[in-house]
Amino acid sequence: VYGSRLDIKVLDESFVLFVKGENSVPPMVESISYYDNYTAGSIIPLSYGGSMIFESTEKGCFEFEFSTAPTASVIMADFLQNLEIRVTSGDMRVKLLRAENRSSPGKNIIRVYCSITAGTKSSVLSFIVDGDFSDSLGNKLGEDFVMRINSL
């Protein structure tokens, strides 16, 4: 694991190794953006604790951008297995429809397409990526990533 310390003893010699190689850098969620209509809508960057109005749509899309080690990439199946999108209060509903890997060299992007039913009460929408999420080199996120958005 990146940043870990290994104490090794061989015969009468002791060695200390620190794991800090560029290929052991853990993946990170850099940003989450929202499209209210992925076919023609504009991108809306989301921020922790921010507020926005979600309208009902069958063409909603959340775009997750990641940073990884230089030779690593995001494995969509592992990401989806470790992703939870939930409404923790209120009556808004989000239904995951499908996902698409939109990565290109140097950019790791996964789009999660959803249908959204706007609620009549203020809601809290939470995005959780489990700390067990790992990249193609096996580097793990380490700690849960959590972002909460207030839906007005």
Once rounded to the nearest 0.5 Å, what's the spacing between atom [atom1] of [X] and atom [atom2] of [Y]?
| X | Y | atom1 | atom2 | result |
| --- | --- | --- | --- | --- |
| Arg102 | Asn108 | CZ | CG | 14.0 Å |
| Leu80 | Asp78 | CG | CG | 9.0 Å |
| Ser126 | Ile149 | OG | CD1 | 9.0 Å |
| Phe133 | Glu143 | CZ | CD | 15.0 Å |
| Ser122 | Leu152 | OG | CG | 5.5 Å |
| Leu137 | Ser73 | CG | OG | 7.5 Å |

Please output the side-chain donor-acceptor pairs of residues 56-67 that fall under 3.5 Å, not counting sequence neighbours, one pair per line with the distance.
from  : atom 1 : to     : atom 2 : distance (Å)
Ser56 : OG     : Ala118 : N      : 2.8
Thr57 : OG1    : Asp36  : O      : 3.1
Thr57 : OG1    : Lys59  : N      : 2.9
Glu63 : OE1    : Arg111 : NE     : 2.7
Glu63 : OE1    : Arg111 : NH2    : 3.2
Ser67 : OG     : Glu30  : OE2    : 2.7

Problem - ILVMFWY network linking Val74 to Leu96, side-chain heavy atoms under 4.5 angstrom - result: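 Val74 and Leu96: one cluster.
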
Practice task
Answer yes if Leu83 and Tyr113 sit in the same cluster of Ile, Leu, Val, Met, Phe, Trp and Tyr residues linked by side chain heavy atoms under 4.5 Å apart, and no otherwise.
Solution key: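 Hydrophobic grouping puts Leu83 apart from Tyr113.
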
Problem - Flag for Asp91-Thr120: side-chain donor and acceptor within less than 3.5 Å - result: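 Yes, Asp91 and Thr120 have a side-chain donor paired with an acceptor closer than 3.5 Å.
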
Exercise for the section: Indicate whether any N or O donor in one side chain lies under 3.5 Å from an N or O acceptor in the other, for Asn23 and Thr71. Expected result: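 Their side chains do contain a donor-acceptor pair, which is all the 3.5 Å distance test asks for.
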
Heavy-atom closest pair, residues [X] and [Y]:
| X | Y | value |
| --- | --- | --- |
| Asp135 | Pro27 | OD2-CD, 3.9 Å |
| Met92 | Val87 | O-CG2, 3.3 Å |
| Ser103 | Asn101 | OG-OD1, 2.7 Å |

Handout entry: Member of Val29, Ile128, Val129 meeting the side chain to side chain contact (heavy atoms under 4.5 Å, CB included) criterion with Val146
Key =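 By the side chain to side chain contact (heavy atoms under 4.5 Å, CB included) criterion, Val146 pairs with just one of Val29, Ile128, Val129: Ile128.
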
Exercise for the section: Go through the structure and list residues passing ring-ring contact (aromatic ring centres under 6.0 Å, His included) with Tyr35, not counting sequence neighbours. Expected result: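 Partners of Tyr35 by the ring-ring contact (aromatic ring centres under 6.0 Å, His included) criterion come out as none, since no residue qualifies.
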
Exercise for the section: Decide if atom CD of Glu55 counts as having more than 12 heavy atoms of other residues, nucleotides or ligands within a radius under 6.0 Å. Expected result: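 No, the 6.0 Å shell around CD holds no more than 12 heavy atoms from other groups.
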
Exercise for the section: Could you tell me whether Phe127 and Phe145 have their ring centroids closer than 6.0 angstrom? Expected result: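 No, the ring of Phe127 stays outside the 6.0 Å limit from the ring of Phe145, centre to centre.
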
Name each donor-acceptor pair under 3.5 Å that joins a side chain in residues 11-21 to protein atoms two or more places apart or in another chain, with its distance.
none

